[in-house]
Amino acid sequence: MRRTIRILPDSVANQIAAGEVVERPASVVKELVENALDAGATRVEISLESGGKRMIRVADDGDGMIREDALLALDRHATSKIASADDLRGVPTFGFRGEALPSIASVSRLAVETRHGSEGVGTRVRVKGGTITGVEDLPRTPGTTVTVESLFFNAPARARFLRTPAVETRAVSELLSPLCLAHPEVRLSLESGGKSLLDLRGGVTLLQRVGELWGAEVRETLLEVEGESGGRRVWGLIQRPDTVRPGFRRTALFVAGRPFREAGILRAVDRGYRTTIPPGHRPWTVLFLEVPPGEVDVNVHPTKAEVRFRDRSGIEALVEESVRRALEGEDSAARLDGGRATGTTGKSGGAPGTGGDAPGDLPAIAAAEGHRAAPTDRPEQKAGVEGGAAGAGRVVRERPGRSVGTGGPRRPAGEAVEDSQMGLFLPADGGREATGPGTTGNPDPAYEDAGQGRDDMDTLPSLARPRLWQIHRAWIMAEVRDGILLIDQHAAHERVLFEQIMARFQGEGGESQRLLFPFTVRLTRAEHDLVMDLAGLLNRAGFEVEGFGGDTVIVHAVPNPHPHFDAEGCFREMVDELTHGSPLVRSARNQHERVAMSYACKAAIKAGQPLELREMQELFDQLFATELPFHDVHGRPTTVRLTRTELERKFGR
Amino acid sequence: MHFTISRQNLHEGLSAVSASIPSKTTLPVLSNVLFHAGDGGVSMSGTDLDVAVRVRVPAEVETPGTLTAPGRKLQEIVRELPDAPVKVQTRGDQIELRCGRALFKLHGLPAEDFPALPEIDFESGWAAAGSQLLKLIRHTAFAVSTEETRPVLNGVLWELRDGEMRMVATNGHRLARMRIPTGPSLEATTQLIVPPAALQQVQKLFKGDDDIHVSRSGNHLGFRTGGVEVYTRLVEGTYPNYEQVIPRDNDRIAIVDRRPLESAIKRVAAVASDQTHRIRLEFSADRMVFNVLTPDLGEAHDELEVAYDAEPLTIGFNANYLLEVLRYMPTDEVRLAFKAPERAATVEPVRKEGEEEGEEYLCLVMPLRLLD
């Protein structure tokens, strides 16, 4: 009987291996660029012709090879990078399997030109379909240039699967981008058919590199992430929450500098963002992981796109925690200018206070309309807005025999001409007079020493005891050392209440105010059942609820989140939201979060609520004592920042 | 309009009225005072649309007439005028003041722009002793609600029964009730819900020895003594049945010295949350223990000797509610009565022999339920 098992000749074996490693020009480029980077290149130039189908050239200024090495490199499993299987753990370089060059050589016409620094003359090795066809001397600078022509000339089946040059070119630049991110110190260029597609400066920071690759405007939206635990380290860049959008997402993950794909790590990133971005929004992410040798197996996949961690949940926890910590900082606050965040069409830009889904947000709009209303056409609206006394709006409507608003208000004569008093001395404090119409009450004397003059500004602690103003009864403006914070009073209080209630659910004490006149609420059957199911949680949140026969419940005690709290309104809105659902409560992970989010949203101070200075101070202090002060629970910003630099730029300083 | 008035009369009139002028308003005419010169005098009115004040002062009227003029400006001017007769005259929409060599012209607004004050016939009303009315106001008005969710609680309930006057105010968390066993003899019980801003004007403008005439017309109430009148709209609605929520079976009783108690609450409350003002009280044999624990801030502990011999009790309160109630207690000792940690507590004065009797004062505070 004839023998059926045979050892394949090297050329065939290489072609088979090439099937795994070399799928298309992009994979060739990737292998060659990885080799160049492993050789310590500071500059890598890539050229393609016809999308790499006709020609691929990768030139570097790395170490280069001596002639014997160049020959050996074309042998399968010849590699300078590992000597034994033990070295497989903790491989510091991109390539190590020793299959790249021979695999490529087996399916193309390939030329390696190289010179090692130690040799006076370079070497050119030509290979055709895996067979060395020539070795000759070559004058050149140290480094290596690999030219691959006629890819798959001897594997027509594979050649047929190649796409148009444009598609192949795009695939090259996409595969290249993680390598570019991993090596911001290296200058990289890509040209195709004589046209420059990419020309990245070398010696830049990761942030600059991201800007070059993904666009300068993206750079403005990124935050630094850093975390370390038990010898593992994670660092990189993530998007500031107010700039995160749904839809297209760019991500790049690296372990030991090697790009990989891993949905679990990205899910951990998303968990870190939780409540700071709306559900379905997808933050762009660049993360580098460093783990102790032996904790990661990179030899799972021939193109090394996948890796296996020994302790994946530990790594994910570190990533989640690091992202979350990055979002705690002031840098994660929305910016007034810069980034795609604010002002224009961005949802979050216009959202604070007015775009919320809480009905209670409406006063902001009403108030704004009141301010705009002409003095004579809607007097009751105006009185309602301005009348500080309780029920002023009602009074006006009910008062009989009222005869107001017939004659238009007249401008008192003389007001048109504004004389200004000349000062004998220039005021020492430029800002003192600017306490503006939004001020409620005098600035607390405690702030007098906070310093008003420009020079004193630098001695102001960053966030401690700033001066505060309420603006349009919806926002709080805070003067901080490096600029201005605008805080959405409703969003800020949402964050405070959310964390407070979550802490209570975890057993921290609280209290609720017993009512002199308990209120009863008639509910639908579904609402009633839900309230009874949730009675325990509602109780911890402060609502002491009891069945009152039929579908009616009675509320004996209520939480006391702020002095203007409408307990009954809040309770009804919560029950409605929790029974019928809303985008907010659907984004919650569990029942605790659902109740806490709904409570935070309904109980928080509404826009339109005038606040006293003391109340603003307390809200400010509480907000910055939370874990994520810059983000509310809907994924909107609580705070928009205008830096001094931006202000100065706006005024042409 | 043309009249001559003493600087003194003009100043007093303007001072009384100016308190009712809103400091901020979008209705320009409300920052003005309405002058009305008529038979033997001039009346000045001011209003913020909630409460109106009208004052009549004697003047020599040459030409009767009306005009409104900026209240605060006039007050500032008149305060500094020499003590001499002031001639007031209108020129179109301008008001002109002459006093000695001083001359002022201020732009006014037509009187028709000014909201009409309610018509109230004081002949049909009743009279209350100023001292009693002021005492009722002082001891209860502080407890009204400032939230707009239950409008009736934004007012003070003034109840007139045959030979008895009461005032009650509550915000649903604490309540104050005072009864005085004298008053006008009305046939039926009358319940009036009065905005506290009006009662403040009454406190400011009337004195204890005045006899205050009160009259109601439709939905408005007027107070008058001499030439001073205060008008207000009444709050519409039905006041909740407050008698029903006042506990009658509170049997754990502590007799406490008021000042040391106030002082202890104030110092431990310094450590309490600014939002909830939560403090915890523990009563046991002749001892009252104060505890405050506020995360991120700190804790406080204090003790007082009190007279208490009932079952031990632990109860939470909003310290501000307790302090407000204690501030108005007229005696050195107070009686705190409890039933259970989730039930209303009452605070009452403890009168000594020979102290003024007659009125009955009770405050009630709902506890904070402590979740630990």
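Chain letters run A, B, ... following the sequence lines, proteins first, then strands; residues in each count from 1.
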With a 4.5 angstrom heavy-atom cut-off, is it the side chain or the backbone of [X] that approaches chain A, or both, or neither?
| X | value |
| --- | --- |
| Leu364(B) | side chain |
| Pro367(B) | both |
| Thr170(B) | side chain |

> Among Val558(A), Leu515(A), Asn560(A), who wins on heavy-atom pairs under 4.5 Å with chain B?
Replying inline: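 Among the listed options, the one with the most contacts to chain B is Leu515(A).
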
>> If you count heavy atoms of other groups shown closer than 6.0 angstrom to CZ of Arg522(A), is the number above 12?
In response: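 No, not enclosed.
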
> Within a radius of less than 6.0 Å around CZ of Phe548(A), do more than 12 heavy atoms belonging to other residues, nucleotides or ligands occur?
Replying inline: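 No, CZ of Phe548(A) has 12 or fewer neighbouring heavy atoms, counting only those of other groups under 6.0 Å.
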
> Mind checking what makes salt bridge (charged side-chain N to carboxylate O under 4.0 Å, His left out) contact with Lys204(B), not counting sequence neighbours?
Replying inline: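 None.
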
> Who pairs with Phe338(B) by ring pair (Phe, Tyr, Trp, His ring centres under 6.0 Å), at least two apart in sequence or on another chain?
Replying inline: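 Checked Phe338(B) against ring pair (Phe, Tyr, Trp, His ring centres under 6.0 Å); matches are Phe283(B).
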
> Is there a donor-acceptor pair under 3.5 Å between the side chain of Gln513(A) and the backbone N or O of Met366(B)?
Replying inline: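 Pair found, side chain donor or acceptor close to backbone of Met366(B).
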
>> Check whether Arg514(A) reaches the backbone of Glu342(B) with its side chain - one donor and one acceptor, N or O, closer than 3.5 Å.
In response: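 Checked: pair present.
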
> Hey, which of Arg343(B), Arg174(B), Glu119(B), His173(B) has the most heavy atom pairs under 4.5 Å with chain A?
Replying inline: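 The answer is His173(B).
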
>> Does Arg278(B) form a salt bridge (charged side-chain N to carboxylate O under 4.0 Å, His left out) with Glu511(A)? I'd like the steps, not just the answer.
In response: CA-CA 8 Å; Arg278(B) 176 181 62 160; Glu511(A) 68 284 297; 3.0 Å; yes

What part of [X] is in contact with chain B, defined as an atom under 4.5 angstrom from a non-hydrogen atom: side chain, backbone, both or neither?
| X | value |
| --- | --- |
| Pro563(A) | backbone |
| Pro559(A) | neither |
| Gln622(A) | side chain |

> Do Phe517(A) and Arg150(B) have side chains that get closer than 4.5 Å, going by heavy atoms?
Replying inline: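 Counting from C-beta outward, Phe517(A) and Arg150(B) do come under 4.5 Å.
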
>> A side-chain contact here means heavy atoms from C-beta on lying under 4.5 Å apart; do Asn539(A) and Arg369(B) qualify?
In response: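 A side-chain contact exists here, since the closest heavy-atom pair is under 4.5 Å.
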
> What heavy-atom pair brings Leu516(A) and Val245(B) nearest, and what distance separates the two atoms?
Replying inline: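 So the minimum-distance heavy-atom pair works out to O-CG1, 3.4 Å.
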
